[in-house]
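Take a look at the structure set out below.
Lettering of chains follows the sequences in order, A, B, ..., and the numbering in each one begins at 1.
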Amino acid sequence: MSDFIALWPQSASAYSGRLDLLMWVFTALVVALSAPVFILIAYYAWKYRAGRKADRSDRVNRNTLMEISWALIPFILIVALFVWSTRMFFTVHQPPPDAMEINVVAKQWMWKFEHAGGQREIDELHVPVGEPVRLSMASQDVIHSLYIPALRLKQDVVPGRYTSLWFEADKPGIYALACAEFCGADHSEMTGRFIVMEKPAFAAWLEQAGTDASLAAEGEKLFRDNGCSGCHGPAATVKAPDLEGLYGRPVPLADGRTVTADDQYIRDSILLPQSEIAAGYPEIMPTYKNVLSEDEVMKLVAYIKSLATPEDTP
Amino acid sequence: MTANPPSDPNAGHTIRSWLLTTDHKRIAVLYLVSVTFFFLIGGAAAGLVRADLLTPEGDLLTNEGYNRAFTLHGVIMVWFFLIPSIPNVFGNFLIPLMIGARDLAFPRLNLLSWYVYVLGGLFTLIVLLVGGVDTGWTFYTPLSSMFSNGHVVLVAAAVFIVGFSSILTGLNFIVTIHKLRAPGMGWGRMPLFVWSHYATSIILVLATPVLSITLVLIAAERLFGLGIFDPASGGDPLLFQHLFWFYSHPAVYIMVLPALGVISELVAAAARKPVFGYSFVAGSSIAIAIIGFFVWGHHMFVSGQSMYASAVFSFLSLAVAVPSGIKVYNWTATLYKGNILLDPPFLFAMSFIGLFVVGGLTGIALAMLSIDVHVHDTYFVVAHFHYIMVGGTISAYFGALHFWWPKMFGRMYPLTWGRITAATIFFGFNLTFFPQFILGFLGMPRRYHVYAPEFQTLHVLSSAGSTLLGFAYLLPFVYLGYSLVAGKRASANPWGARGLEWTVPSPPPKHNFVEIPTVTGRPYDYPIDKEDSR
């Protein structure tokens, strides 16, 4: 029977349970606010129908107090729920600093997930229970949206910028994962599985899916192969910013602004180097827009992050 | 029942007399025919979509074919049916009659507006014939500008053109309402239908140009590679969403405000009582129009926009619920101690109120940030806006059609058939769209035609409902068509309603009023029976 018709989505996190509670309270409130309308319309239509004897004396056409009250009381109740839901929304936008990082690259029509150890998977995402996970997401082409109904979460993946999503799953199982933003011909087949595992099982999975090198190490190789080290390396003859300890620091720009060297800044510096020039450096960095893919850039970011001295890591 | 006066719109029978008419009533009929045509095409596309969704494999249409079907359904229904439906048919016909004018302020501009609509419609038909477009009616970039291989520029041209029809009509209504009211018809004496069209016209004039510019930018990016929205050439894809929703959210109110105006008229006429709290209801139309301009960001809660911006948009979206709620509660209060005629227009109005309440309250759910994160871009949203657009606007459109049909064509239709249609639409509608709320909450994304098997039961229910709904929408063609040839002649005021339009013969003579009336009282001045009546 449960396969025949499901009426409530599966839940894989404590957050889902809290969201469901909000949904229940909200539903109860709107039923309370709307039931009088449904009942009274039907009742009046019957009681005061033309041709039926009824008391129609002392009719009123306005009652300002009554009107203000039925505008304001529902509104105040709804504002209480607004506060509740907005607080929940803010928590899903503020990942804990120690969250486990997983990179996500979306493209027509597949999901690619890359773990810090270099393990990568297509259309499947394995995560451990009880550990906060932060997904750092980029798109290779159009806008996609990563949607995991069991977590009650989704986030658009927008080309040209990094977006992120964090969660803490607490119930092992296999759940659905989908693209929610219409992304072209095979949109409805851009789906996959979200697999939550007990910690030992997850460690074993990482082990068997293991690769030769971590993301940072792969980034270091790309750093050499693409000639980045020629300018940014210790032996460079060209004046280029030193990347040692850069990540997470404030960077003064030539136009007077100061930005933080986060993932987005490093990505833009590689792909759109003219957009934000570090103060005191000539505009000589070439663009790697047509050279590197989004997941190669993510590896470079991982490498540059690994160069930050530990106490500076945000 | 008097014979048709020689000057009524049915007097000239030549095609030329119709195509060159500047009579607002005839132009309304031209619109009635053309929007009905597009309603049928958009409905056929919806039928295709629902048939394909009967099975989880999506084996009726290809992926591309499905995308083209729902895109066409959206584009046609939004711009070629819902936006022009009530304003251009009933607004055109009724505003001059209701305010005691002989025509709109600019009768030729009114005809031009219809021709512009037809030109936009022809572009749409060409798109349909050459293979369609696959971007969704929202044209999100960079999918539409750089990745789609459908006829995006052509369909953008169609929507661009039809936008000018909206702007011209909006201007015409604003000037007419300001300048042509009969002596004595102050702002506080205008029918609520006119108030809601005034609010709608403001949105038409202010918001439509933003859409036009946005469509030009898409075409520029597609044709000349200008980097506006595509990040690969330095553009910003979210800029498109801001521009698009800055128009398209107010556009929702373009579709719904006229419907709210219709319902106020229908409820008052059915209850034979003044609308409860006239000034609150009139003011709420203006409030909805104004607040409606500041809520567009609620379409972008998961797009990556700042969470503080999202919180502000969430709050403003909840604020729209206040004026909408006022209307619903006031209509309910209007019925109290009324003398209610259970005729087809009132049944449509009741069904409107019920469906609008469900649509509005689920809209509040979507305005809540954390709920929206879960149900955004799922069937929950699809169900929500169909409750507003179809359950709301189309119910009101049919209500208006059944209420003013005798006035427009001078003939009565069989009331029983009207009642059956109203009930069938209500039932079919709920069967189609209620299961979609559950589907969405379960996590079924929208615009999917291949889906997980556990969703099938609900989809089958929905498709069954849509079959019933489609059938019910076709019924009026039969009995309203029949009434045109064999219906009983309608008197000037068959419902015993108040309002200047009911003081002239049905159908009204060419210049509406032989002598411009002088208005001496408030609208809806139904006689107050101290005792029980009838």
**Item:** A:F182 versus chain B, the contacting section by heavy-atom distance below 4.5 Å
**Value:** both
**Side chain / backbone / both / neither for A:C179 at chain B, heavy atoms under 4.5 Å** = both
**Prompt:** Looking at B:Y524, B:F346, B:Y66, B:F315, which one has more heavy-atom pairs under 4.5 Å with chain A than the rest?
**Reply:** B:F315
**Message:** Which one wins on heavy-atom pair count under 4.5 Å against chain B: A:L22, A:L165, A:V37, A:T86?
**Reply:** A:V37
**Request:** Cation-pi check, A:R52 to A:W46: give yes when NZ or CZ is under 6.0 Å from the six-membered ring centre and within 45° of the ring axis, no otherwise.
**Result:** yes
**Item:** Under 4.5 Å from any heavy atom of chain A - which part of B:V357
**Value:** side chain
**Item:** Region of A:F38 in contact with chain B, defined by heavy-atom distances below 4.5 Å
**Value:** side chain
**Item:** Interface residues of residues 362-369 of chain B facing chain A - non-hydrogen atoms under 4.5 Å apart
**Value:** B:I364, B:A365, B:M368, B:L369
**Item:** A:L33, part contacting chain B, at a heavy-atom distance under 4.5 Å
**Value:** both
**Complete:** Most contact-rich option vs chain A, by heavy-atom pairs under 4.5 angstrom, among B:W331, B:F301, B:F455, B:Y140, is B:Y140
**Prompt:** Side chain, backbone, both or neither: which part of A:Q155 has a non-hydrogen atom closer than 4.5 Å to chain B?
**Reply:** both
**Message:** Can you confirm whether A:M110 is buried at CE, in the sense that more than 12 heavy atoms of other residues, nucleotides or ligands lie under 6.0 Å from that atom?
**Reply:** yes
**Message:** Does anything in residues 285-296 of chain A reach chain B? List residues with heavy atoms under 4.5 Å apart, or say none.
**Reply:** A:K289
**Complete:** Answer key: most heavy-atom pairs under 4.5 Å with chain A among B:S314, B:G325, B:A333 is B:S314
**Message:** Check the orientation of B:F276 and A:W70. Use parallel for under 30°, tilted for 30 to 60°, and perpendicular for over 60°.
**Reply:** tilted
**Message:** For A:Q94, which atoms come within 4.5 Å of any heavy atom of chain B: side chain, backbone, both, or neither?
**Reply:** side chain
**Prompt:** Is any NZ, NE, NH1 or NH2 atom of the basic residue among A:D268 and A:R161 found under 4.0 Å from an Asp or Glu carboxylate oxygen of the other?
**Reply:** no
**Residue A:Y43 versus chain B: region with a heavy atom under 4.5 Å** = neither
**Complete:** Okay, A:V158 and chain B: the region with an atom under 4.5 Å from a heavy atom over there is side chain
**Asked** chain B heavy atoms under 4.5 Å from A:L81: which part of the residue, side chain, backbone, both or neither?
**Response** both
**Message:** Under 4.5 Å from any heavy atom of chain A, what part of B:T332 do you find: side chain, backbone, both or neither?
**Reply:** both
**Prompt:** Picking from B:H449, B:K273, B:E64, which has the most non-hydrogen pairs under 4.5 angstrom with chain A?
**Reply:** B:K273
**Request:** Determine whether B:N339 and A:Y48 make a side-chain contact, defined as any pair of heavy atoms from C-beta on separated by less than 4.5 Å.
**Result:** no
**is_close_aromatic(B:F70, B:W137), centroid dist under 6.0 Å** = no
**Under 4.5 Å from any heavy atom of chain A - which part of B:N149** = neither
**Message:** So that I can tick it off, tell me whether A:K107 and A:D141 are bridged by a salt bridge, with the cut-off set at under 4.0 angstrom between side-chain N and carboxylate O.
**Reply:** no
**Request:** Might you confirm whether atom CZ of B:F147 has over 12 heavy atoms from other residues, nucleotides or ligands at distances under 6.0 Å?
**Result:** yes
**Fill in**
Scored by heavy-atom pairs under 4.5 Å with chain B, the best of A:T163, A:L272, A:D186, A:I68 is A:D186
**Item:** Winner by heavy-atom pair count (cut-off under 4.5 Å) against chain B, out of A:R49, A:K154, A:H93, A:M88
**Value:** A:K154
**Asked** Which of parallel (below 30°), tilted (30 to 60°) and perpendicular (above 60°) describes A:W8 and A:W24?
**Response** parallel
**Prompt:** Tell me, side chain or backbone of A:V79 under 4.5 Å from chain B's heavy atoms, or both, or neither?
**Reply:** side chain
**Which atoms of A:Y147 approach chain B - backbone, side chain, both or neither, heavy atom under 4.5 Å** = side chain
**Prompt:** With respect to chain A, which residue among B:Y336, B:Y308, B:Y451, B:Y278 yields the maximal number of heavy-atom pairs within a distance under 4.5 Å?
**Reply:** B:Y336
**Heavy-atom proximity to chain A below 4.5 Å, by part of B:A270** = neither
**side chain to side chain contact (heavy atoms under 4.5 Å, CB included), paired with A:W111, selected from A:V105, A:L125, A:V157** = A:V157
**chain B contact via A:E181 - side chain, backbone, both or neither, heavy atoms under 4.5 Å** = both
**Asked** What closest approach, in Å, do B:D377 and B:V381 show between heavy atoms, and which atom pair accounts for it?
**Response** N-CG2, 3.7 Å
